[in-house]
A.B. asks: 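Dumping the structure here so I can ask a few things about it.
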Amino acid sequence: MMKEDESVAGKDYLLIDLRRTDHQGGTIRGSINLPAQSLYPALPTVYNMIKAAGIRRVIWYCSSSRGRGTRAACWFSDYLEEKGDTSTQSLILLDGIKGWAKGGAEYVECIDDYDHAYWESQ
């Protein structure tokens with residue numbers, strides 16, 4: 001049973017994995033893959049999709065969220081501003097999937113195709 005304060009990916013927020021070919025180690029359950037290289041022209045589609053679904057928070061991540069994750073969040077934030085949308089948030093997953101994988105067992109169990117050996121070497 002879910003607690004009242006728990007959010008659900010795809011319902012309360014959209015988690016977007018921006019990695020293209022560097023999916024080593026797995027991906028966070030519930031996220032969708034939208035490689036950063038194809039993101040910018042897809043922003044209107046992402047926006048229309050989240051609005052239709054009633055999602056108010058989009059969380060972007062890559063390996064560390066210091067490059068692609070930050071860029072994507074900024075691009076989408078700019079797009080939201082252009083649309084005059086003040087009810088939707090464009091957020092960055094702190095430290096990306098690397099930070100998530102090192103966050104402890106409760107985080108690791110939410111990584112699909114988790115590769116322990118890969119994360120031990122990081």
A.B. asks: For the pair Arg68 (side chain) and Pro35 (backbone), establish whether a donor and an acceptor sit closer than 3.5 Å, ignoring hydrogens and angles.
C.D. replies: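 Pair absent, no side-chain N/O of Arg68 close to backbone of Pro35.
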A.B. asks: Do Met49 and Tyr79 land in one hydrophobic cluster if side-chain heavy atoms of ILVMFWY residues count as linked below 4.5 Å?
C.D. replies: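 Yes, one cluster joins them.
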A.B. asks: Verify, without hydrogens or angle tests, whether Tyr61 (side chain) and Ile28 (backbone) share a donor-acceptor contact under 3.5 angstrom.
C.D. replies: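 Yes; at least one donor-acceptor contact below 3.5 Å.
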A.B. asks: Taking the side chain as every heavy atom from C-beta outward, state whether Val46 and Ile16 have any atom pair closer than 4.5 Å.
C.D. replies: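 In contact.
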A.B. asks: Please round to the nearest 0.5 Å and tell me the distance separating atom SG of Cys62 and atom CZ of Arg19.
C.D. replies: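 The distance works out to 8.5 Å.
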A.B. asks: Might you point out which heavy atoms bring Tyr107 and Gly103 nearest each other, and give the distance in Å?
C.D. replies: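 Tyr107 and Gly103 have their closest heavy atoms at CD1-O, 3.3 Å.
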A.B. asks: Report yes if some heavy atom in the side chain of Leu43 is under 4.5 Å from a heavy atom in the side chain of Phe76; otherwise report no.
C.D. replies: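 Side chain of Leu43 against side chain of Phe76, heavy atoms only: contact under 4.5 Å found.
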A.B. asks: Got a salt bridge between Asp95 and Arg66, using NZ or NE/NH1/NH2 to carboxylate O under 4.0 Å?
C.D. replies: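 Yes, Asp95 and Arg66 are salt-bridged.
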A.B. asks: Walk me through whether Arg57 and Leu91 qualify under side-chain contact (heavy atoms from CB on, under 4.5 Å).
C.D. replies: CA-CA 7 Å; Arg57 292 177 288 164; Leu91 307 166; 4.1 Å; yes
A.B. asks: Would you give the length of the straight line joining atom CD1 of Ile59 to atom OG of Ser31, rounded to the nearest 0.5 angstrom?
C.D. replies: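 With rounding to 0.5 Å, CD1 (Ile59) is 10.5 Å from OG (Ser31).
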A.B. asks: Do side-chain atoms of Trp119 reach the backbone of Gly25 as a donor and acceptor pair under 3.5 angstrom?
C.D. replies: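 Here the side-chain-to-backbone pair exists.
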A.B. asks: Going from OH on Tyr114 to NE2 on His116, what distance comes out if it is rounded to the nearest 0.5 angstrom?
C.D. replies: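 So the gap between those two atoms works out to 5.5 Å.
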A.B. asks: Counting only N and O atoms by type, is there a donor-acceptor contact under 3.5 Å from the side chain of Ser65 to the main-chain atoms of Leu93?
C.D. replies: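 Flag set: sc Ser65 to bb Leu93 pair under 3.5 Å.
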A.B. asks: Measuring from Ile97:CD1 to Ile111:CD1, what's the distance to the nearest 0.5 Å?
C.D. replies: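 Ile97 atom CD1 to Ile111 atom CD1 measures 5.0 Å (nearest 0.5 Å).
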A.B. asks: Any link between Tyr40 and Leu14 through a network of hydrophobic side chains (Ile, Leu, Val, Met, Phe, Trp, Tyr) touching at under 4.5 Å?
C.D. replies: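 As far as the 4.5 Å side-chain criterion goes, Leu14 and Tyr40 are connected within one cluster.
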A.B. asks: Quick one: pull up OG1 in Thr27 and CG in Asp113 and give me the separation to the nearest 0.5 Å.
C.D. replies: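 The distance works out to 8.5 Å.
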A.B. asks: Could you please spell out the steps behind the side-chain contact (heavy atoms from CB on, under 4.5 Å) verdict for Ile92 and Trp60?
C.D. replies: CA-CA 5 Å; Ile92 304 164; Trp60 308 90; 5.5 Å; no
A.B. asks: For Tyr47, which residues count as a side chain to side chain donor-acceptor pair (under 3.5 Å) partner, sequence neighbours excluded?
C.D. replies: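 Side chain to side chain donor-acceptor pair (under 3.5 Å) check on Tyr47 returns Asp85.
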A.B. asks: Return the CZ to OG distance between Arg20 and Ser38, rounded to the nearest 0.5 Å.
C.D. replies: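 Separation between the atoms: 8.5 Å.
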A.B. asks: On a heavy-atom basis, which atom in Ala72 and which in Ser90 lie closest, and how many Å separate them?
C.D. replies: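 The pair with the smallest heavy-atom distance is O-OG, 4.4 Å.
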A.B. asks: Keeping Asp17 on the side-chain end and Ile32 on the backbone end, is there a donor-acceptor pair under 3.5 Å?
C.D. replies: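 No.
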A.B. asks: Where is the tightest heavy-atom contact between Lys51 and Thr88, given as atom of each residue plus distance?
C.D. replies: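 Smallest heavy-atom distance, with atoms named: NZ-OG1, 3.3 Å.
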A.B. asks: Closest approach of Leu18 and Gly69, non-hydrogen atoms and distance?
C.D. replies: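 The pair with the smallest heavy-atom distance is CD1-CA, 3.6 Å.
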